[in-house]
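A short worksheet on the structure shown next.
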Amino acid sequence: MERTFLAIKPDGVQRALIGEIISRLESKGFTLVGLKLVKVSRELAEKHYDVHKERPFFPGLVDFITSGPVVAMVWEGDGVIASARKIIGATNPLNAEPGTIRGDFGVSVGRNLIHGSDAPETATREISLWFKDEELVNWQPTITPWLYE
Ligand code: IDP
């Protein structure tokens with residue numbers, strides 16, 4: 001089964017959207033295997049967004065991600081990496097389709113509520129950056145036969 005790293009950013013937490021966001025992924029049929037509320041250090045934020053370190057928005061992005069609690073999660077399921085990205089929607093919420101998280105709740109690229117890994121290699125990297133092995137729970141929900149043939 002594939003796994004992805006998702007994080008509800010400080011704006012999603014402050015706007016009381018934690019339940020709403022988790023609910024969308026749960027209802028889809030994905031399984032939560034890791035969950036914690038994190039006060040993100042600058043070191044972790046800079047590592048997480050390392051690929052953007054030369055971009056003009058990088059300092060503001062690091063300030064923002066470290067500004068308040070973040071809900072760090074690992075989700076599991078067939079095709080979860082690409083599917084979660086669809087559920088999240090386009091990076092700029094103004095371009096995100098209605099029905100996506102960013103499309104329904106966001107208006108600004110710098111306040112787009114949630115992060116999701118964009119490929120298998122980044123998912124592996126981000127999961128190990130944010131979670132220790134023992135923080136991840138291997139379990140199978142009883143509804144699995146109703147989700148997969
Ligand atoms: P993604 O989160 O949809 O994968 P990326 O291009 O990887 O998008 O950008 C990472 C994050 O950096 C975005 O989610 C957004 O918070 C922030 N970001 C990207 N582009 C801009 C920008 O032009 N201005 C401000 N923040 C940006």
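No continuous path of hydrophobic side-chain contacts links Leu44 to Leu35 [ILVMFWY only; heavy atoms under 4.5 Å]. Both Val40 and Leu129 belong to a common hydrophobic cluster when Ile, Leu, Val, Met, Phe, Trp and Tyr are linked at side-chain heavy-atom distances under 4.5 angstrom. Placement of Phe57 and Val70 within a single hydrophobic cluster is found when ILVMFWY residues are connected by side-chain heavy-atom separations under 4.5 Å, directly or transitively. Transitive grouping of hydrophobic side chains (ILVMFWY, heavy atoms separated by less than 4.5 Å) brings Ile18 and Leu25 into a common cluster. The hydrophobic cluster containing Val74 does not contain Ile101, counting ILVMFWY residues as joined when their side-chain heavy atoms lie under 4.5 angstrom apart, directly or transitively.
Interatomic distance, CD1 of Ile22 versus CE of Met73, reported as 5.5 Å (0.5 Å rounding). One finds the CD1 atom of Ile127 at 6.0 Å from the OG atom of Ser117 (value rounded to the nearest 0.5 Å). Within the model, atoms NE2 of His52 and CZ of Phe58 stand 9.5 Å from one another, a figure rounded to the nearest 0.5 Å. Of the inter-residue distances, the one linking Arg102 atom CZ with Asn112 atom CG reads 4.0 Å to the nearest 0.5 angstrom.
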Steps toward side chain to side chain contact (heavy atoms under 4.5 Å, CB included) verdict (Glu20, Asp104):
CA-CA 11 Å; Glu20 170 73 38; Asp104 286 350; over 6 Å; no
Determine, step by step, whether Asp50 and Arg125 satisfy the side chain to side chain contact (heavy atoms under 4.5 Å, CB included) criterion, reporting the C-alpha distance in whole Å, the side-chain angles of both residues, the deciding distance to 0.1 Å, and the verdict.
CA-CA 12 Å; Asp50 184 58; Arg125 175 184 175 271; 3.9 Å; yes
Yes or no on side chain to side chain contact (heavy atoms under 4.5 Å, CB included) for Asp118 and Glu126, after CA distance, side-chain angles and deciding distance?
CA-CA 10 Å; Asp118 62 2; Glu126 290 169 0; 5.8 Å; no
Test Leu32 against Trp75 for side chain to side chain contact (heavy atoms under 4.5 Å, CB included), laying out the working first.
CA-CA 5 Å; Leu32 190 57; Trp75 287 85; 3.5 Å; yes
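Closest of all the heavy-atom pairs between Ile21 and Ile114 is CG2-CD1, 3.7 Å. Residues Asp11 and Arg111 share a closest heavy-atom pair of OD2-C, 2.9 Å. Residue Lys39 comes nearest to Thr66 through the heavy atom pair NZ-O, 2.8 Å, listed as atom of the first residue, atom of the second, then distance. Nearest heavy atom pair, residue Val38 against residue Ala72, reads CG2-CB, 4.0 Å. Across Pro69 and Val13, no two heavy atoms sit closer than the pair O-CG2, 3.3 Å. When all heavy atoms are compared, the tightest approach of Ile65 to Ala45 is CG2-CB, 4.1 Å.
Checked by atom type and distance alone, the side chain of Glu76 never pairs as donor or acceptor with a backbone atom of Glu2 at under 3.5 Å. Panel note: side chain Arg3, backbone Ile81; no donor-acceptor pair is recorded below 3.5 Å. The closest donor-acceptor contact from the side chain of Glu46 to the backbone of Glu43 lies at 3.5 Å or more, if one exists at all.
At a threshold of 4.5 Å between non-hydrogen side-chain atoms, the residues Leu6 and His115 do not count as touching. The side-chain heavy atoms of Leu136 and Glu134, taken from C-beta on, include no pair separated by under 4.5 Å. Side-chain contact between Ile8 and Leu113 is absent, with no heavy-atom pair separated by less than 4.5 Å.
Between Trp130 and His48, the ring planes lie perpendicular to each other; the angle is over 60°, past the 30° to 60° tilted range. Ring orientation note: the planes of Phe131 and Phe5 are nearly perpendicular, at an angle over 60° on the 30°/60° scale.
Residues satisfying the side chain to side chain contact (heavy atoms under 4.5 Å, CB included) criterion with Ser67, sequence neighbours excluded, are Pro10, Phe64.
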Give the table of side-chain donor-acceptor pairs shorter than 3.5 Å for residues 141-149, with sequence neighbours excluded, one pair per line with atom names and distance.
{"from": "Thr144", "atom 1": "OG1", "to": "Pro141", "atom 2": "O", "distance (Å)": "2.7"}
{"from": "Tyr148", "atom 1": "OH", "to": "Asp78", "atom 2": "N", "distance (Å)": "3.1"}

Pair up each side-chain donor or acceptor in residues 83-97 with any protein partner under 3.5 Å, not counting sequence neighbours, and list the distances.
{"from": "Arg85", "atom 1": "NH1", "to": "Gly116", "atom 2": "O", "distance (Å)": "3.0"}
{"from": "Asn92", "atom 1": "OD1", "to": "Leu94", "atom 2": "N", "distance (Å)": "2.9"}

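Other residues, nucleotides and ligands contribute at most 12 non-hydrogen atoms within 6.0 Å of the NZ atom of Lys47.
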